[in-house]
Amino acid sequence: SKELEDHIIERGGVKVLSVEDYAVWLMLRVGGVLGLELSAKVLYANLGKFDEDYLRRRAEEYGVLESVEEILGNLVGD
(Lines give C-alpha, C1' and ligand atoms only; values in the text may rest on other atoms or scores of the structure.)
Protein backbone atom coordinates (compact mmCIF):
# COMPACT_ATOMS: atom_id res chain seq x y z
CA SER A 1 0.00 0.00 0.00
CA LYS A 2 1.03 3.62 -0.41
CA GLU A 3 1.04 4.12 3.36
CA LEU A 4 3.38 1.15 3.84
CA GLU A 5 5.71 2.50 1.14
CA ASP A 6 5.73 5.90 2.86
CA HIS A 7 6.90 4.30 6.12
CA ILE A 8 9.69 2.17 4.67
CA ILE A 9 13.09 3.48 5.70
CA GLU A 10 16.06 3.39 3.33
CA ARG A 11 19.52 3.12 4.86
CA GLY A 12 22.62 2.68 2.78
CA GLY A 13 20.54 1.65 -0.21
CA VAL A 14 18.70 -1.05 1.79
CA LYS A 15 14.96 -0.75 2.39
CA VAL A 16 13.95 -1.55 5.96
CA LEU A 17 10.52 -1.92 7.53
CA SER A 18 9.44 0.94 9.75
CA VAL A 19 9.47 0.47 13.51
CA GLU A 20 5.68 0.18 13.45
CA ASP A 21 5.58 -2.48 10.74
CA TYR A 22 8.46 -4.42 12.29
CA ALA A 23 6.74 -4.50 15.68
CA VAL A 24 3.56 -5.88 14.09
CA TRP A 25 5.61 -8.34 11.99
CA LEU A 26 7.31 -9.68 15.13
CA MET A 27 3.95 -10.34 16.75
CA LEU A 28 2.69 -12.16 13.69
CA ARG A 29 5.75 -14.09 12.53
CA VAL A 30 7.54 -14.87 15.78
CA GLY A 31 4.31 -15.06 17.73
CA GLY A 32 3.66 -16.05 21.30
CA VAL A 33 5.28 -14.47 24.30
CA LEU A 34 8.62 -14.11 22.50
CA GLY A 35 7.02 -12.13 19.65
CA LEU A 36 5.30 -9.83 22.13
CA GLU A 37 8.47 -9.30 24.14
CA LEU A 38 10.55 -8.54 21.06
CA SER A 39 7.90 -6.18 19.75
CA ALA A 40 7.76 -4.38 23.11
CA LYS A 41 11.56 -4.01 23.11
CA VAL A 42 11.55 -2.55 19.60
CA LEU A 43 8.85 -0.06 20.57
CA TYR A 44 10.58 0.80 23.86
CA ALA A 45 13.90 1.42 22.10
CA ASN A 46 12.13 3.78 19.70
CA LEU A 47 9.75 5.43 22.16
CA GLY A 48 8.78 8.87 20.93
CA LYS A 49 10.21 8.17 17.46
CA PHE A 50 7.35 6.20 15.88
CA ASP A 51 3.87 7.07 14.64
CA GLU A 52 1.42 5.61 17.18
CA ASP A 53 -1.59 6.18 14.92
CA TYR A 54 0.07 4.30 12.07
CA LEU A 55 1.08 1.52 14.47
CA ARG A 56 -2.50 1.17 15.68
CA ARG A 57 -3.86 1.11 12.11
CA ARG A 58 -1.40 -1.59 11.04
CA ALA A 59 -2.07 -3.61 14.20
CA GLU A 60 -5.81 -3.41 13.61
CA GLU A 61 -5.36 -4.58 10.00
CA TYR A 62 -3.60 -7.70 11.23
CA GLY A 63 -5.71 -8.37 14.31
CA VAL A 64 -3.10 -7.55 16.96
CA LEU A 65 -4.42 -4.17 18.10
CA GLU A 66 -5.27 -5.43 21.58
CA SER A 67 -1.68 -6.59 22.08
CA VAL A 68 -0.29 -3.30 20.78
CA GLU A 69 -2.56 -1.32 23.10
CA GLU A 70 -1.36 -3.41 26.04
CA ILE A 71 2.29 -2.87 25.14
CA LEU A 72 1.80 0.87 24.65
CA GLY A 73 -0.07 1.09 27.96
CA ASN A 74 2.81 -0.59 29.74
CA LEU A 75 5.42 1.60 28.04
CA VAL A 76 3.60 4.81 28.89
CA GLY A 77 3.13 3.60 32.46
CA ASP A 78 6.92 3.52 33.01
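Because the structure is a prediction, the values reported are computed rather than measured. The analysis underlying the following values was restricted to heavy atoms, covering all of them including side chains, and did not include hydrogens, waters or symmetry mates.
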Does [X] belong to the same Ile/Leu/Val/Met/Phe/Trp/Tyr cluster as [Y], with side-chain heavy atoms less than 4.5 Å apart forming each link?
X   : Y   : answer
L28 : L17 : yes
L65 : L75 : no
L38 : V33 : no

(request) I would like to know whether V68 and M27 meet side chain to side chain contact (heavy atoms under 4.5 Å, CB included); could you show each step before the answer? (result) CA-CA 9 Å; V68 165; M27 286 183 213; 3.4 Å; yes
If you compare all heavy atoms of [X] against all heavy atoms of [Y], which two are closest, and at what distance to 0.1 Å?
X   : Y   : answer
L55 : A23 : CD1-CB, 4.5 Å
L43 : F50 : O-CE2, 3.4 Å
L36 : I71 : O-CD1, 3.9 Å

(message) Are E52 and L72 packed together at the side-chain level, in the sense that at least one heavy-atom pair is separated by less than 4.5 angstrom?
(response)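 In short, these two side chains touch, coming nearer than 4.5 Å.
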(request) Can you sort out the partners of E60 under salt bridge (Lys or Arg N to Asp or Glu O under 4.0 Å), two or more places apart, ordered by chain and number? (result)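 Testing E60 for salt bridge (Lys or Arg N to Asp or Glu O under 4.0 Å), a comparison that skips the adjacent residues, returns none.
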(request) Could I get the full list of salt bridge (Lys or Arg N to Asp or Glu O under 4.0 Å) partners for E37, not counting sequence neighbours? (result)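 E37 satisfies salt bridge (Lys or Arg N to Asp or Glu O under 4.0 Å) with no other residue.
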